[in-house]
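All chains are named by letter (A, B, ...) in the order of the sequence lines, taking the proteins before the strands, and each is independently numbered beginning at 1.
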Amino acid sequence: MGDSDEVNWHPTNYRTNTLGEINSNGEDLVGSEVTLCGFAEIIRGKGAVCFIKLRDGTGTLQAFIKKGNVTDEELEICQTASRESTLQVIGTIAEKRPPRVPEGAPTPPTEYEIVANKVKILSLAQTPMPLGVTDKVDVGMDVRLDNRFLDLRRAHVNAMFKLRSRILQYGREHLISEGFGEINSPKIIAAAAEGGTNLFPIKYFDRDAYLSQSPQLYKQLAVMGNLERVFEIGPAFRAEKHDTYRHLNEFISFDIEMAWASDEDVMCVQERMISHIWSKIKENDQNLIDAVNEFRISEGKDPIEVNVPSIPFPRVSYCDAIELIKNSGTEIEWGDDIEAHHADIIAEKYSEFYFIPKWPMSMKPFYIFHDKNEVSKTGGQLSRGFDLNFGRDEMTSGGQREHRANVLTQNLIDVDLNPDDFDFYVDGFRYGAPPHAGWGLGVARLLMVLTGAGNVRETVLFPRDRKRCTP
RNA sequence: GCUCCUGUAGUGUAGUGGCCUAUCAUGCAGCCCUGUCACGGCUGCGACCCGGGUUCAAAUCCCGGCAGGGGCGCCA
């Protein structure tokens, strides 16, 4: 898919080339013998000829099978094979005859095909399929998820997950360029670490343990260990019975933590990273966006455009956000949470990415830093915690962290957590601690923003929600 | 936890008490045509979530179950 220039698809035991390579280098390959593999997307033609549109992970290519070029058995097998069966075709690359076009329509660009002299079925697809790969029939989410392996073969779904990979790739490469190193923190944890959310209990040999809700405490300890700047892309688990378009019980959190930095510093890292991701996708992956758009248009939706957001993103401090919401006539008080319907009001003015810095300390977890001198007009203690929103949806939560061990201990007491349970963590701050800051970003939500997907289940391969833990 | 909604062929649907031995599309099977390409033509296959009730009559109304979806709440 357009990346054959930079990727080396080495030949395998099954094929000499990818279909994408034939499409992009067809001119040079005309006349040469190749072995190709793919799924049979469409099988057409009876009598003396058969056309099979092959599809692999790099593109599609027509195989032309003609009586006399192959054995009669092979022709018969091809003509009776079911769609989505997998095939190996040995043949010669040739220019494809152009299709008939309506009077006055432009001639389509030259395409290539493989003229088969040997065809082998690798695996015959069972019929009927639970959902059609190319059928123009809507499919319900449930059927799609139950048969995700087939759903994924649909061009726009396939493109969605390639875009997801791109987001991770470009995000990684940007952070590495700013000195970050990738870490992995444990997902099995001993205590209900941070409070605030329900955890999934598990059995760890004879002990009770939990699935991690976030790498927060561990990435901070890594920074305490002088790893300086770290990031982690890993799963987080929350046992909340939510049932919305934007929540899952298992999700991939893209986290960073950096030493010698404030909340503002890591907001800058984040906006640079998102801007980098957007501009690289615009530069390299328009083909994937096109695949998504082809589907959107067929559904009567507007196509998406990759507009690289300009930086810096707007900063709408918590206090200003509350003012803004109040002025719109909606009832809200300082100290209330900014819920999705409140964010709608902010989004009228800031429709894309914007930060909400300086939340009340009372609303943020114990590890967030606060400065006694930073208070609201009403005297409420502010924190260095921030969110990143896109329109109504929260993308990120982050902040400068508390690095003073004695304040940390007091913060724990203030939120009714037992400091003894956090010795493993607070001890990390007793032997010299750099001021530091970080954030966690929901990868699936970022992909939703990029692709206009209306449901987080569109952006996660095998989503885990309240009702689903298979496949 | 609260609330609203929905279960009809493999898939997506039409259907609001009798016109339903149930519509259309897609699919699948067979035949015909064809260097096809949104191929075309003909024929066929395939379904009312489960259990009870109301009624002369139920896909349709009622009750229960099961399954699914939307929204809210909850949610570093």
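Under the 6.0 Å cut-off for aromatic ring centres, A/F353 and A/F313 qualify, their centroids lying closer than that.
Between the CE atom of A/M129 and the P atom of B/A9 there is a distance of 18 Å, rounded to whole Å. Rounding to whole angstrom units, CZ of residue A/R468 and P of B/A67 are separated by 13 Å. Here the C1' atom of nucleotide B/C72 and the CG atom of A/D344 are 14 Å apart, to the nearest Å. Going from atom CD1 of A/I338 over to atom P of B/G73 covers 14 Å, rounded to whole Å. At whole-Å resolution of the value, CG in A/D138 and C1' in B/C24 are 14 Å apart. The CZ atom of A/R55 sits 16 Å away from the C1' atom of B/C37 (whole-angstrom rounding). Atom CG in A/L199 sits about 18 Å away from atom P in B/C74, given to the nearest Å. Note: NE2 (A/H341) to P (B/C74) measures 10 Å, nearest angstrom.
Donor-acceptor pairing under 3.5 Å is recorded for the side chains of A/T396 and A/Q270. For the 3.5 Å distance criterion, the side chains of A/D265 and A/S262 qualify, holding a donor opposite an acceptor. A side-chain donor-acceptor contact under 3.5 Å links A/K187 and A/S185. There is a side-chain donor-acceptor pair under 3.5 Å between A/Y245 and A/D393.
You'll find that the side chain of A/D142 is closest to B/G69, out of B/U26, B/C28, B/G69. Taking the side chain of A/R238 as heavy atoms from C-beta on, and the options B/G27, B/C75, B/U11, the nearest nucleotide is B/C75. Across B/C28, B/C39, B/G69, the shortest atom-to-atom separation from the side chain of A/K467 is found for B/G69. Closest approach to the A/V137 side chain among B/C75, B/C28, B/U26 is made by B/U26 (side chain taken as heavy atoms from C-beta onward). Of all nucleotides listed (B/G70, B/C74, B/C72), B/G70 comes nearest to the side chain of A/N455.
If you check B/U55 for Watson-Crick or wobble pairing at under 3.5 angstrom, you find it has no partner at all. Base pairing analysis places B/U23 opposite nothing; no Watson-Crick or G-U wobble pair with both distances below 3.5 Å involves it.
Spacing between B/U55 and B/U60 at atom P, rounded to whole Å, works out to 16 Å. Spacing of C1' atoms, B/G18 relative to B/C2, comes out at 41 Å, to the nearest Å. Atom P of B/U13 sits at a distance of 36 Å from the matching atom of B/C32, rounded to the whole Å.
The number of heavy atoms from other shown groups lying within 6.0 Å of CD (A/E294) does not exceed 12.
The side chain of A/R457 places no N or O atom within less than 4.0 Å of a non-bridging phosphate oxygen (OP1 or OP2) of B/G69.
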Any protein N or O atoms within reach of nucleotides 33-35 of chain B? Criterion: under 3.5 Å, listing atom names and distances.
| from | atom 1 | to | atom 2 | distance (Å) |
| --- | --- | --- | --- | --- |
| B/U34 | O4 | A/K46 | N | 2.1 |
| B/U34 | O4 | A/K46 | O | 2.8 |
| B/G35 | N1 | A/E113 | OE2 | 2.8 |
| B/G35 | N2 | A/E113 | OE1 | 2.5 |
| B/G35 | N2 | A/E113 | OE2 | 2.9 |

Dump every N/O contact between nucleotides 1-5 of chain B and the protein below 3.5 Å, one line per pair.
| from | atom 1 | to | atom 2 | distance (Å) |
| --- | --- | --- | --- | --- |
| B/G1 | N7 | A/R466 | NH2 | 3.3 |
| B/G1 | O6 | A/R466 | NH1 | 3.4 |

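The aromatic rings of A/W334 and A/Y318 lie perpendicular to each other, with more than 60° between the two planes, well past the 30° mark.
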